Amino acid sequence: MSRGQQWGTVVMDRALAGNAYLLKARVQGGAFKGAVAELWRLRPDRVRVIPDAEKFIAGYEYNTGTDKIIFPREDVI
């Protein structure tokens, strides 16, 4: 997906669902371990914010219908 297409999906998600989410895919090994390598779109209708009294947001839950994946708050834009 190009940069323009990516931002097009962000604008579309905000207009249709009220929110847009991008997942930071990080490098798993090597010298750049932990660096952001890619941004992946998360469907806003599948994302639930996990609230926290101290941090405000503890993380994000992504529900695929069969699986629930918890992403840390620092990995979601």
Side-chain angles (χ1 to χ4, degrees):
M1 178 180 300
S2 71
R3 181 183 300 177
Q5 290 169 327
Q6 178 88 348
W7 284 113
T9 62
V10 168
V11 170
M12 178 186 67
D13 287 346
R14 288 259 315 166
L16 296 175
N19 281 311
Y21 302 95
L22 297 173
L23 175 67
K24 298 176 188 177
R26 298 184 184 272
V27 178
Q28 297 299 312
F32 296 106
K33 183 177 179 179
V36 177
E38 300 173 338
L39 293 175
W40 287 84
R41 174 186 175 246
L42 297 176
R43 282 184 41 182
D45 59 323
R46 294 184 173 186
V47 176
R48 184 181 74 85
V49 177
I50 302 169
D52 185 275
E54 293 179 15
K55 299 177 187 175
F56 189 62
I57 295 175
Y60 296 86
E61 177 184 280
Y62 191 72
N63 187 348
T64 64
T66 56
D67 296 319
K68 291 184 180 179
I69 305 165
I70 305 295
F71 295 117
R73 65 187 184 128
E74 54 272 354
D75 283 350
V76 177
I77 299 173

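Nothing here was measured: the structure is a model prediction, and the numbers come from that model. Positions are given from 1 along the sequence.
In this structure, Leu22 CG and Asp75 CG are separated by 12.0 Å, a value rounded to the nearest 0.5 Å.
Between the side chain of Gln28 and the main chain of Arg26, a donor-acceptor pair closer than 3.5 Å is present. When atom types are taken as modelled, the side chain of Lys24 and the backbone of Glu74 share a donor-acceptor pair closer than 3.5 angstrom.
A heavy-atom distance below 4.5 Å is found between the side chains of Arg73 and Tyr60. Asp13 has its side chain out of reach of Asn19: every pair of non-hydrogen atoms, C-beta onward, lies at least 4.5 Å apart.
Under a hydrophobic clustering in which Ile, Leu, Val, Met, Phe, Trp and Tyr are joined whenever their side-chain heavy atoms come within less than 4.5 Å, directly or via other members, Phe56 and Val49 fall into the same cluster. Ile57 and Val47 fall within the same hydrophobic cluster, defined by Ile, Leu, Val, Met, Phe, Trp and Tyr side-chain heavy atoms under 4.5 Å apart, directly or through other members. When hydrophobic clusters are built by joining Ile, Leu, Val, Met, Phe, Trp and Tyr residues whose side-chain heavy atoms come closer than 4.5 Å, directly or via intermediates, Ile69 is grouped together with Val76. In the hydrophobic clustering of ILVMFWY residues, with side-chain heavy atoms under 4.5 Å counting as a link, Met1 and Val10 come out apart. Under the 4.5 Å side-chain heavy-atom criterion for ILVMFWY residues, no single connected hydrophobic cluster contains both Ile70 and Ile77.
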- Where do Phe71 and Leu42 land on the side chain to side chain contact (heavy atoms under 4.5 Å, CB included) test, with the steps shown first? CA-CA 11 Å; Phe71 295 117; Leu42 297 176; 4.2 Å; yes
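The two residues Asn63 and Thr66 make their nearest non-hydrogen contact at OD1-N, 4.4 Å.
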